[in-house]
Amino acid sequence: MVTDCPFCRIVAGDISADVLHSTEDVLAFRDLHPAAPTHVLIIPKVHLESIEQLTQHEAPLLSHLFNAANHVANAEGLRKGWRLVANVGPAGGQTVFHLHLHLLGGRQMTWPPG
Ligand code: AMP
Ligand code: ZN
């Protein structure tokens with residue numbers, strides 16, 4: 001755990017969050033500032049800064065993250081589709097440096113994103 005990391009603090013229970021799904025490896029909770037009717041963050045419980053830190057070692061973790069995304073999308077009833085986004089680094093729009101996937105749905109998504 002990284003004590004000044006807000007998502008590690010959510011995993012530790014030090015900061016409250018609206019948790020939708022929790023397994024041994026991953027946690028899914030609603031974004032504080034939703035950009036769509038469904039906006040859920042899916043994170044590994046271990047601290048990794050971003051996708052750039054992933055190695056072959058984390059291959060099983062990736063499948064846990066994607067399984068959690070499917071689980072949440074089903075639970076939220078997003079039958080028409082949804083979007084998964086990972087911002088990487090400052091120019092990628094990343095503001096919290098604990099790896100996370102944004103699951104967005106409940107409205108028509110547009111392309112390209114901003
Ligand atoms: P990113 O810009 O990709 O790093 O996304 C970080 C996201 O975390 C933003 O959408 C924030 O609204 C969200 N966020 C930051 N702090 C919290 C928190 N304590 N609980 C829920 N979402 C948060
Ligand atoms: Zn962290």
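Worth saying up front: this structure is predicted, and the values here are computed from it rather than measured. Ligands are counted one by one from 1 in listed order, and the atoms in each one are counted from 1 as well.
For H98 and H100, the gap between ring centers reaches or exceeds 6.0 Å.
Nearest to atom 21 (C) of ligand 1 among the protein's heavy atoms is L32 N, 3.4 Å. Looking at atom 16 (N) of ligand 1, its nearest protein heavy atom turns out to be F7 CE2, 4.0 Å. Here the heavy atom of the protein found nearest to atom 4 (O) of ligand 1 is T95 N, 2.7 Å. Nearest protein heavy-atom neighbour of atom 12 (O) of ligand 1: D31 OD1, 2.5 Å.
For the side-chain contact (heavy atoms from CB on, under 4.5 Å) criterion with W82, the lone passing option out of N70, V72, L104 is N70. In summary, of the residues considered (D18, L20, L41), a side-chain contact (heavy atoms from CB on, under 4.5 Å) with F29 occurs for L41 alone.
Side-chain atoms of Q94 come within 3.5 Å of backbone atoms of E49 as a donor-acceptor pair (strictly under, hydrogens ignored). For the pair R107 (side chain) and A35 (backbone), a donor-acceptor distance under 3.5 Å is present.
When each atom of ligand 1 is checked for a heavy atom of L41 under 4.0 Å away, the hits are 8 (O), 13 (C), 22 (N). Within ligand 1, the atoms closer than 4.0 Å to a non-hydrogen atom of H100 are 1 (P), 3 (O), 4 (O), 5 (O), 6 (C), numbered from 1 in the order shown. The contact set between ligand 1 and R30, taken as ligand atoms under 4.0 Å from a residue heavy atom, comprises 21 (C). Counting atoms of ligand 1 from 1 in the listed order, those under 4.0 Å from a heavy atom of H33 are 12 (O). Remark: ligand 1 atoms within the under-4.0 Å shell around heavy atoms of N87 are 1 (P), 2 (O), 3 (O). Of all the atoms in ligand 1, the ones that sit under 4.0 Å from a non-hydrogen atom of H102 are 1 (P), 3 (O), 5 (O), 7 (C), 10 (O).
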Audit row: L99, H47, side-chain contact (heavy atoms from CB on, under 4.5 Å) steps and yes/no: CA-CA 7 Å; L99 193 157; H47 183 87; over 6 Å; no

Between L61 and L48, is a side-chain contact (heavy atoms from CB on, under 4.5 Å) present by the stated rule, with each step listed? CA-CA 11 Å; L61 177 62; L48 294 162; 3.7 Å; yes

Please walk me through it: do K45 and D25 pass side-chain contact (heavy atoms from CB on, under 4.5 Å)? CA-CA 5 Å; K45 289 189 173 176; D25 304 292; 6.0 Å; no

Check the pair S50 / Q53 against side-chain hydrogen bond (donor to acceptor under 3.5 Å, both in side chains), numbers first and verdict last. CA-CA 6 Å; S50 80; Q53 280 201 328; over 6 Å; no

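Using a 4.0 angstrom heavy-atom cutoff, F29 counts as in contact with ligand 1. Residue contacts with ligand 1 include G93, since one of its heavy atoms falls under 4.0 Å from the ligand. Within the 4.0 Å heavy-atom cutoff, I10 counts among the residues contacting ligand 1. Residue contacts with ligand 1 leave out R9, since none of its heavy atoms falls under 4.0 Å from the ligand.
Geometry note: the Zn ion (ligand 2) is the vertex, C8 SG and C5 SG are the arms, and the angle is 120° (rounded to 10 degrees).
Restricting H98 to its N, O or S atoms, the one at the least distance from the Zn ion (ligand 2) is ND1. For H47, the N, O or S atom closest to the Zn ion (ligand 2) goes by the atom name ND1.
Scanning both residues, A69 and L103, for their nearest heavy atoms gives O-CD1, 3.3 Å.
The residue among V96, V85, I43 with a heavy atom at the shortest distance from atom 15 (C) of ligand 1 is V96.
Residue-environment remark: CD (E52) stays at or below the threshold of 12 foreign heavy atoms within 6.0 Å.
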